[in-house]
*Asks:* 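Here it is, the structure in full.
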Protein chains: 2
Amino acid sequence: MKVITIKDIAQLANVSPSTVSRALKDHPDISSDLKIKIKGIADALNFKPNSFASNFRKQKSQLIGVIIPKFCNSFVPDVIFGITSVVNERNFQVIILPTNDDILKENEAIQKCCDYRVDGILMSLSVETSNVEHLKTADAYNIPVVIFDKAANTSNYHQVVINDRLMAEKCAQQLINENRKNIIGFFGHENLAITKNRKIGFSSILSQNNLPYSIEYASSSIEAYEKTISLIDSNNIDAVFGISDELLIGIIAAVREKHKLNEISVIGFSDGSTIPLLFPEVSYVSHDGKKLGYEAANTLFKLIDDNTFHPKTNAINVELKIGRK
Amino acid sequence: MKVITIKDIAQLANVSPSTVSRALKDHPDISSDLKIKIKGIADALNFKPNSFASNFRKQKSQLIGVIIPKFCNSFVPDVIFGITSVVNERNFQVIILPTNDDILKENEAIQKCCDYRVDGILMSLSVETSNVEHLKTADAYNIPVVIFDKAANTSNYHQVVINDRLMAEKCAQQLINENRKNIIGFFGHENLAITKNRKIGFSSILSQNNLPYSIEYASSSIEAYEKTISLIDSNNIDAVFGISDELLIGIIAAVREKHKLNEISVIGFSDGSTIPLLFPEVSYVSHDGKKLGYEAANTLFKLIDDNTFHPKTNAINVELKIGRK
DNA sequence: CTGTTAGCGCTTTCAG
DNA sequence: CTGAAAGCGCTAACAG
């Protein structure tokens with residue numbers, strides 16, 4: 001079956017292609033009679049404009065590039081869902097480029113976005129990324145960028161993050177309120193601003209209160225699980241903080257296996273999709289990925305619509321939900 | 001900063017744009033001296049071909065449309081991850097179009113894929129979709145389609161699914177081996193082939209063995225949780241089957257709250273990302289989303305490369321992992 | 001081996 | 001109010 005173009009309609013209507021183009025987008029210059037006629041023909045033939053061609057002509061792709069390290073857990077998919085909702089609303093499409101936490105792939109992804117002439121980039125940094133120099137490529141193509149979630153501590157780009165430090169402080173404060181005395185904190189990769197900021201918040205409050213605590217690192221559920229198991233065996237811990245759903249799952253698995261769910265307080269950052277229903281005793285900072293996605297995408301569109309908009313870091317509000325004991 | 005085009009390079013090299021185009025893609029007609037010269041200039045100017053333009057010219061987008069109902073859980077993201085790996089490997093990009101389980105949006109999504117002239121469509125059906133007539137649109141544009149996971153029971157499209165019926169049979173058989181007598185099965189939306197097939201498998205084995213069982217439906221963790229709570233209160237159930245991670249989480253939460261984890265056997269379909277670590281006592285059919293994604297994307301590329309390839313439904317192998325008691 | 005030319009489908013001045 | 005013509009950046013016949 002042949003795909004209909006503007007030319008075909010023009011021939012049938014005995015007008016020029018430009019007239020068809022104008023009529024179909026309700027250009028005021030075209031008489032309403034002609035509009036009706038042309039639209040009738042277009043409908044009859046089931047004409048759909050080739051958005052590829054029109055975007056090419058307009059030198060915009062109507063594409064937003066989303067660069068992420070991984071799909072892990074439900075947080076990232078939630079963010080993507082939030083982004084996609086906003087982006088589709090504006091009749092753009094999202095292309096997703098995972099970097100697998102590899103800075104080389106991150107570079108390639110930025111380049112791909114430029115090759116595809118995306119109209120904007122949303123990016124969450126890989127653990128290997130300590131500066132954002134490689135985004136200069138996007139600048140050269142005048143593509144606006146918003147960094148979300150895994151951000152840089154200093155950057156000249158817009159950033160949408162959650163208030164990591166403050167919320168980690170609240171977690172620590174909660175453990176103090178519960179009168180915990182022997183606290184462990186599990187964190188992710190040290191390169192990431194979210195690790196740094198959450199660690200600062202967590203540590204500072206405990207130090208101020210002269211409470212002993214120790215810092216552990218883990219990069220998977222299993223690792224967090226194994227470390228927690230041995231910590232429970234060797235120390236008399238009474239509280240564990242986990243920086244993400246992934247680590248919390250390992251921590252909880254270990255605490256449950258050791259039958260310590262009533263004695264050890266577990267707290268951390270979670271999207272609230274799984275843990276609260278299964279373990280209502282766990283307290284968590286509910287970081288809603290969708291909300292972050294909405295915010296990041298909206299910020300990007302502000303930038304697309306008005307490139308005089310000034311770069312800033314925008315922390316969205318999240319809540320600490322106290323577990324039921 | 002100006003974006004470099006082939007023309008710029010042609011001027012600097014004193015050759016025609018077509019020569020540049022050919023030289024850059026190692027066309028055998030071009031002398032190697034000239035190739036070196038042209039590539040040198042291109043590198044020096046940091047030229048990157050506008051893939052948008054070249055795709056337009058070649059009438060291909062290098063885009064694969066992925067139409068999914070939701071992002072829920074980690075299964076779908078895993079599938080997308082699998083798809084993206086294969087697709088990126090081939091230098092294509094993925095665009096994701098969520099339908100939110102709405103058949104109207106599904107229609108729109110198909111149309112969007114056509115508008116964007118994607119080179120292939122991977123699609124998982126919405127719960128509202130009972131036939132695949134609307135895919136005719138894609139046929140009209142000669143866009144190959146592969147349906148994955150949430151498939152139609154009869155269709156003329158390629159399908160990549162897991163062997164739902166067989167694996168549900170194995171689950172039922174496992175409960176029989178465990179000598180369970182009072183079994184509940186939780187299923188999702190009745191429209192979906194995966195529900196139908198898993199229900200048939202589950203029911204047939206239990207019926208054959210003259211075991212009583214009852215069928216429940218739930219569309220969220222909470223619903224499964226609430227129904228399980230009241231079933232435990234009112235019946236003397238000793239086993240619960242759940243069709244997905246989402247339902248299993250609700251079921252497990254209820255069983256745990258009622259302190260019945262040792263008495264009630266829980267079994268179902270899961271991606272194995274969360275449940276096994278937290279609840280090693282649960283048996284599950286490990287349906288690996290990545291594998292499904294790889295398979296679906298590879299099938300699509302076979303179709304793109306060779307459109308004489310015949311439609312068929314391809315069930316990938318999965319495994320039942322028995323929980324530790 | 002290299003250049004000329006036309007054109008992918010659409011939009012948008014410019015001219016009438 | 002409508003048409004003619006140019007062009008987005010690249011590719012590929014065709015010609016030499």
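These numbers come from the heavy atoms of this one structure, side chains and all, not from hydrogens, waters or symmetry mates. Since the model is a prediction, treat every value here as computed from it, not as a measurement. Convention: sequence-line order gives letters A, B, ...; per-chain numbering from 1.
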*Asks:* Does the protein touch nucleotides 6-13 of chain D at the base, only the backbone, or not at all? Give it as B, S and - per nucleotide, heavy atoms under 4.0 Å.
*Replies:* BBBBBBBB
*Asks:* Going by the rule side chain to side chain contact (heavy atoms under 4.5 Å, CB included), which residues pair with Lys302(B) if we only count those two or more places apart in sequence or in a different chain?
*Replies:* Phe309(B)
*Asks:* Taking any heavy-atom pair under 4.0 Å as a contact, classify Asn14(B): base, sugar-phosphate, or nothing.
*Replies:* sugar-phosphate
*Asks:* Would you mind reading off the distance between Lys37(A) atom NZ and dC1(D) atom C1', rounded to a whole angstrom?
*Replies:* 15 Å
*Asks:* Within this structure, what is the CG-to-P distance between Leu24(A) and dT12(C), rounded to whole angstrom?
*Replies:* 13 Å
*Asks:* What do the steps show when you test Asp115(A) against Gln111(A) for side chain to side chain donor-acceptor pair (under 3.5 Å), and what is the final call?
*Replies:* CA-CA 6 Å; Asp115(A) 294 351; Gln111(A) 188 58 58; 3.1 Å; yes
*Asks:* Do the side chains of Val94(B) and Ile95(A) get nearer than 4.5 Å, heavy atoms only?
*Replies:* no
*Asks:* Could you tell me which non-hydrogen atom of Ala42(B) sits nearest to which non-hydrogen atom of Leu24(B), and how far apart they are?
*Replies:* CB-CD2, 3.9 Å
*Asks:* Roughly how many Å is it from CZ in Phe52(B) to P in dC8(C), rounded to a whole number?
*Replies:* 17 Å
*Asks:* Rounded to whole angstroms, how far apart are CG on Asp8(A) and P on dG9(C)?
*Replies:* 9 Å
*Asks:* Lys48(B) versus Tyr141(A): any side-chain heavy-atom pair under 4.5 Å?
*Replies:* yes
*Asks:* Could you tell me the separation between the CG atom of Asp26(A) and the C1' atom of dC1(D), rounded to a whole number of Å?
*Replies:* 15 Å
*Asks:* Rounded to whole Å, how long is the line connecting atom CD of Gln11(A) with atom C1' of dA4(D)?
*Replies:* 16 Å
*Asks:* Under 3.5 Å, is there a donor on one side chain and an acceptor on the other for Asp139(B) and Tyr157(B)?
*Replies:* yes
